[in-house]
Amino acid sequence: MAGDKTAAPPPPDAAAFSPDGELFAAVSDRLVQVWRTGGGEIIEGWTDPISAPDDSYSCIACCSVQKKHKKDGNLILVAVGTTNGQVLVLDSTGVIWKNAPHTCKVVSLHFARHGRVLYTAGMDGIICELNSRTGESKDTIKATKKPINSFTLSHDEKFMGVSSKITRLFSVSEKKEILRIPSDVGPVQLMSVSDDGRFLVSHVDNNKEVQVWSCDQNSCTIVSTASLTMQNQPKIVECTRSTSYGDGGIVLAVSKKGVAHVWHLQTLSQNEVLPTKISVKNSLDKKGRIPIISAKLCDTNEDNTVKVHVVFGSPNFLQFKVVELDDTCKDINLVAEYDELAKQDMVSPQERNLEQEAKANSKDAEPVQGKAKKRTSSVLDSTNDTTKEVNPEYNLDEPTMEEKLASLNLLNKSEITEEQPPSLAPPSADSVHVLLKQALRADDHTELLKCLYNRDEKVIVKSVSLLTPADVVKLLKFFVLLIQSRGAKLVCMLPWLQALLCRHMSSIVSQESSLLLLNSLYQLIDARTSTFKSALQLSTTLDYLFSGVSDGETDEEDAVPPIIYEDKDTDDEESEVDAMETDEESQELGDVTDASEHSDGSDIMTD
């Protein structure tokens with residue numbers, strides 16, 4: 001990698017805006033995430049919800065659904081389609097339902113009716129209308145016998161377009177075909193219908209033009225009115241009616257090179273009109289460009305202005321901009337802003353490895369050069385000193401040649417030939433957080449354990465502090481799995497868990513998906529600590545019992561009897577002392593009585 005040039009970040013596998021443009025969902029490396037376009041923060045994330053290695057993600061859609069009580073906020077729903085015909089819908093708790101409405105690849109997904117309905121289109125030629133909360137099928141349309149290339153829904157949800165070998169326009173309410181594009185145009189790969197069904201735009205594969213069609217629903221005719229030329233093939237097309245010009249419209253297209261084009265047509269037959277181009281400039285490389293991932297038309301105003309949502313960057317660090325355009329056709333250059341972590345995401349793994357090897361080689365070369373220079377200077381100094389001393393007499397104090405060579409370490413061949421092994425210093429705080437993020441994104445548990453074995457408090461605090469909210473949730477999930485184990489793994493995990501909860505508690509609590517993790521974590525900890533009391537009692541009992549069991553090899557005389565200590569109150573001790581004194585007095589009286597009974601009295605008289 002030369003200079004500051006950075007490679008273009010890889011695009012996500014599938015991405016889509018919500019109908020209102022407030023949310024953006026994308027799936028990349030089997031990780032599904034949702035961003036809020038207003039602030040650019042990640043609000044939800046799921047790791048490989050299909051959990052099927054032989055299946056992959058083909059399309060995605062998202063929306064915000066209002067709950068029954070407004071004070072409860074909105075519910076975020078994300079739908080993903082797979083190449084095997086499955087459709088999954090997720091919310092903050094995970095997968096809420098899974099269905100297989102198609103027999104082959106799911107081409108497109110669209111939420112409608114404020115998120116209560118989900119439309120799906122598959123390459124089997126079928127369009128399904130499903131309940132977004134339960135997955136129950138409401139209606140099914142056999143749109144075509146051929147595979148569907150593209151499926152679109154108008155903004156007012158009254159019309160839907162289906163492109164196959166023949167492109168058709170359907171009425172959503174009546175579920176019937178209204179008109180079709182002539183088949184001599186070729187198979188349409190991309191299309192969009194205006195919110196009044198008055199016109200639509202289409203793109204044929206291997207073509208650099210966006211075709212504009214005027215639709216007459218009364219006579220069921222469709223006519224090509226304009227052809228909008230681009231420098232590269234488009235990957236996204238969209239259209240909407242113009243509030244400024246009643247006979248015109250607004251067309252958006254994003255090229256495969258990542259440049260957005262917006263045409264403001266005063267009339268649908270306006271052919272020679274210059275587009276407004278929106279591109280993103282790379283702040284790390286003045287000549288580099290960052291491709292736009294997706295764009296969406298937002299508001300159209302009567303003052304000939306239109307707002308466009310634009311998203312660009314890497315899947316790990318997306319950036320969102322709202323661009324307001326007028327009819328002056330002036331190109332707009334946005335600037336991508338990246339922090340240190342985003343710069344690492346922009347660099348490919350191969351380039352990153354080359355950089356690390358180059359740095360390691362430069363560090364290894366510097367000490368060798370310095371050592372060689374120092375040794376050369378010492379030899380020269382010694383030779384100069386000897387040449388300057390011109391004394392004809394023999395000096396006994398002068399060191400011998402052997403001593404001079406010993407001072408230069410030339411006689412000790414082992415020190416020269418033997419290479420010192422490199423010191424294996426533990427990773428510092430500047431490198432552990434990078435390894436931790438890479439392990440989280442790759443879902444590599446082995447590398448995560450290597451990071452957790454670092455017990456340095458400063459390294460733990462810094463590494464945890466630099467995690468994003470999505471990485472925090474991943475690490476918390478890993479801790480929940482790891483806490484079920486025992487031994488060194490659990491001991492190493494505890495300081496990391498403490499630092500994670502202390503540093504990111506507010507972020508964890510703000511995400512609904514984290515509440516289940518915290519509940520599971522509490523239950524696991526409670527289950528592990530609930531046995532301490534009974535285990536302590538069992539240990540004490542065993543110690544007492546085994547203290548009275550003698551070893552078979554020892555003699556009975558050597559066996560040490562157990563010492564039993566009884567703790568009694570002071571009143572009991574005083575009563576026992578009184579009882580002992582009473583027993584002693586009674587014993588003395590008994591001795592005197594016995595003496596009087598067994599004697600004949602002479603001794604008494606004598607005394």
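Since we're looking at a predicted model, the values are computed, not measured. For reference, positions follow the sequence shown, starting with 1.
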Does atom [atom1] of [X] have more than 12 heavy-atom neighbours, drawn from other residues, nucleotides or ligands, at distances under 6.0 Å?
| X | atom1 | answer |
| --- | --- | --- |
| His114 | NE2 | no |
| Arg30 | CZ | yes |
| Glu41 | CD | yes |
| Asp48 | CG | yes |
| Lys330 | NZ | no |

Students often mix this up, so state it plainly: with edges at 30° and 60°, are the rings of Phe320 and Phe24 parallel, tilted or perpendicular?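 The rings of Phe320 and Phe24 stand perpendicular, inter-plane angle above 60°.
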Check whether the side chains of Gln231 and His261 place a donor and an acceptor atom closer than 3.5 Å, and report yes or no.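 Their side chains do not contain a donor-acceptor pair, so the 3.5 Å distance test is not met.
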Between Asp20 and Ser18, do the side chains contain a donor N or O and an acceptor N or O under 3.5 Å apart? yes
Looking only at atom types and distance, does a side-chain atom of [X] sit under 3.5 Å from a main-chain N or O of [Y], one as donor and one as acceptor?
| X | Y | value |
| --- | --- | --- |
| Glu238 | Leu297 | yes |
| Ser202 | Val188 | no |
| Asp29 | Leu31 | no |
| Ser192 | Val201 | no |
| Ser163 | Ser150 | yes |

Can you tell me how far the OG1 atom of Thr134 sits from the CH2 atom of Trp97, to the nearest 0.5 Å?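 The CH2 atom of Trp97 is 8.0 Å from OG1 of Thr134, to the nearest 0.5 Å.
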Would you call Glu157 and Arg113 a salt bridge, using N to O less than 4.0 angstrom?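 Salt bridge: no.
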Exercise: identify the closest heavy-atom pair between Asn149 and Val107: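 Reported closest heavy-atom pair: O-CG1, 3.4 Å.
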